[in-house]
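Here's the structure, in structure tokens; my notes come after.
Just follow the structure's listing: the first ligand is 1, and inside any ligand the first atom is 1. One-based numbering along the sequence shown.
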Amino acid sequence: MKIVRTITEMQEQMQKLKSEGKTIGYVPTMGFLHEGHISLMKKARPENDIVVLSIFVNPLQFGPSEDLDAYPRDFERDHKIAEAEGVDFIFYPSAEEMYPGNASVKVTVVERTNVLCGKSRPGHFDGVATVLFKLFNIILPTKAYFGLKDAQQVAVVDGLIKDFNFPIELIPVETVREEDGLAKSSRNVYLSEEERIQAVELSKSLKMAKSAIKNGERNSDELVSLMKNHINENTTGTVDYIEIYSYPELEEMKMLKGKVIVALAVKFSKARLIDNTILEVE
Ligand code: AMP
């Protein structure tokens with residue numbers, strides 16, 4: 001496995017492999033790898049000749065009051081995990097390498113972004129789209145793997161790939177969870193012991209909504225208040241949002257029909273957790 005820190009070397013290596021007809025599977029991450037990231041690597045490995053993992057905590061996608069400096073990092077551990085998963089290249093650039101000066105062109109996401117995390121984190125998806133625009137041009141992937149835990153990100157990347165004609169196949173991967181149902185996240189380490197116990201209520205509230213839908217509930221407001229009450233009564237966290245939209249368009253729907261996403265974000269003292277479920281409603 002090779003660790004590459006410069007854009008020039010990465011691009012050269014990838015161009016060479018592409019010219020030899022190799023397929024490239026790409027897993028973008030911010031590091032501090034866990035089972036969620038590992039599931040993306042495991043999916044990519046048999047589907048591609050070459051697997052590339054990038055580790056880059058992208059400053060552009062963090063707001064001024066967010067956890068950029070505190071974001072957990074452990075490259076040595078990540079290195080070992082990637083090696084064990086048969087990754088061929090880790091692209092591990094510095095922020096200076098990725099953003100050497102003021103940009104003269106900016107990427108702005110205009111659809112699928114005024115709701116959910118896009119609404120609570122202004123500029124976040126512009127930062128995500130900008131870094132991916134660059135990373136796609138550096139890594140030249142055949143397939144790119146993204147987790148559905150960040151389902152809005154998947155929707156935005158789907159738009160980016162289609163709008164800018166990247167010859168990349170987007171592969172969404174199911175959310176990996178802890179045994180009690182909590183979605184795996186690098187940010188879970190910031191939960192206190194008590195919060196960690198309460199955090200199970202997030203996935204429980206999604207299950208409650210799912211079974212209410214199964215039992216015939218179609219009213220979006222009713223489902224949201226059911227979930228909100230459950231989280232407020234059973235956790236010390238603050239609900240940032242609980243919302244239901246069509247997926248992947250992320251358009252509002254009062255009465256549920258077709259493919260929908262039920263999504264939530266809850267703020268605990270040091271971590272903001274997100275989770276969602278995507279389902280087909282008859
Ligand atoms: P991050 O390092 O948080 O930017 O995540 C990198 C990739 O891993 C993104 O595509 C995430 O959606 C994905 N990911 C993060 N957590 C999970 C999880 N629990 N299950 C599946 N994929 C995940």
- Message: Any heavy-atom pair between the side chains of Met30 and Ser186 that's under 4.5 Å?
- Response: no
- Task: With heavy atoms only and a cut-off of under 4.0 Å, state how Val154 meets ligand 1: side chain, backbone, both or neither.
- Result: neither
- Item | Minimum side-chain heavy-atom gap Ile244-Leu223 below 4.5 Å | yes
- Query: Is the closest heavy atom of Arg177 to ligand 1 under 4.0 Å?
  - Reply: no
- Taking 4.0 angstrom as the limit, do Glu97 and Arg5 come out as a salt bridge? no
- Item | Protein heavy-atom partner closest to atom 3 (O) of ligand 1 - residue, atom, separation in Å | Tyr71 OH, 3.8 Å
- Task: Indicate yes or no: does an N/O atom of Ser185 lie under 3.5 Å from an N/O atom of ligand 1?
- Result: no
- Given that the side chain starts at C-beta and the backbone is N, CA, C, O, which of these parts of Glu174 lies under 4.0 Å from ligand 1, counting heavy atoms, or is it both or neither? backbone
- Message: To check your reading of the model: name the closest protein heavy atom to atom 20 (N) of ligand 1, its residue, and the distance in Å.
- Response: Val176 N, 2.8 Å
- Find all atoms of ligand 1 within a distance of less than 4.0 Å from any non-hydrogen atom belonging to Phe146, and give their numbers and elements. 10 (O)
- Message: Taking the six-membered ring of Phe32 as reference, does the cationic atom of Arg73 (NZ for Lys, CZ for Arg) lie under 6.0 Å from its centre and within 45° of its axis?
- Response: no
- Message: Counting only heavy atoms, tell me which of Glu35, His37, His34 gets closest to atom 5 (O) of ligand 1.
- Response: His37
- Message: Can you confirm, on distance only, whether ligand 1 has an N/O atom lying under 3.5 Å from any N/O atom belonging to Leu148?
- Response: no
- side chain to side chain donor-acceptor pair (under 3.5 Å) contacts in which one or both residues fall within residues 199-215, not counting sequence neighbours: Glu201-His230
- Item | Part of Lys149 with heavy atoms under 4.0 Å of ligand 1, whether side chain, backbone, both or neither | side chain
- Note on the structure: Between Asp240 and the options Lys267, Arg121, Arg272, the side-chain hydrogen bond (donor to acceptor under 3.5 Å, both in side chains) test singles out Arg272
- Item | Stepwise side chain to side chain contact (heavy atoms under 4.5 Å, CB included) check, Met1 with His79 | CA-CA 9 Å; Met1 186 177 68; His79 181 188; 3.0 Å; yes
- ligand 1 contact on Pro28 by region, counting heavy-atom pairs under 4.0 Å: backbone
- Query: By number and element, which atoms of ligand 1 are closer than 4.0 Å to a non-hydrogen atom of Lys184?
  - Reply: 16 (N), 17 (C), 18 (C), 19 (N)
- Message: Considering both backbone and side-chain atoms of Gly147, is one of its nitrogen or oxygen atoms within less than 3.5 Å of a nitrogen or oxygen in ligand 1?
- Response: yes
- Heteroatom distance test (Ser39, ligand 1): nitrogen or oxygen, under 3.5 angstrom: no
- Message: Is there a side-chain contact between Phe146 and Leu132 in this structure, where contact means two heavy atoms from C-beta onward sitting under 4.5 Å apart?
- Response: yes
- Query: Do any nitrogen or oxygen atoms of Tyr145 come within less than 3.5 Å of a nitrogen or oxygen of ligand 1?
  - Reply: no
- Does the distance from a Lys or Arg side-chain N to an Asp or Glu carboxylate O, for Asp221 and Lys254, drop under 4.0 Å? yes
- Message: If we count only N and O atoms by modelled type, under 3.5 Å, do the side chains of Thr142 and Glu169 hold a donor and an acceptor together?
- Response: no
- Query: With no hydrogens and no angle check, is any side-chain donor or acceptor of Gln198 less than 3.5 Å from a backbone partner on Thr236?
  - Reply: yes
- Query: Do any N/O atoms on Met30 end up under 3.5 angstrom from N/O atoms on ligand 1?
  - Reply: yes
- How about Tyr241 and Ser120: does a side-chain donor come under 3.5 Å of a side-chain acceptor? no
- Nearest-contact summary for atom 14 (N) of ligand 1 - protein heavy atom, Å: Asp150 OD2, 4.3 Å
- Query: With a cut-off of 4.0 Å, which atoms of ligand 1 are near a heavy atom of Leu40?
  - Reply: 7 (C), 8 (O), 10 (O), 13 (C)
- Message: Under 4.0 Å from a heavy atom of Thr175: which atoms of ligand 1 are those, numbered in the order shown and with their elements?
- Response: 19 (N), 20 (N), 21 (C)
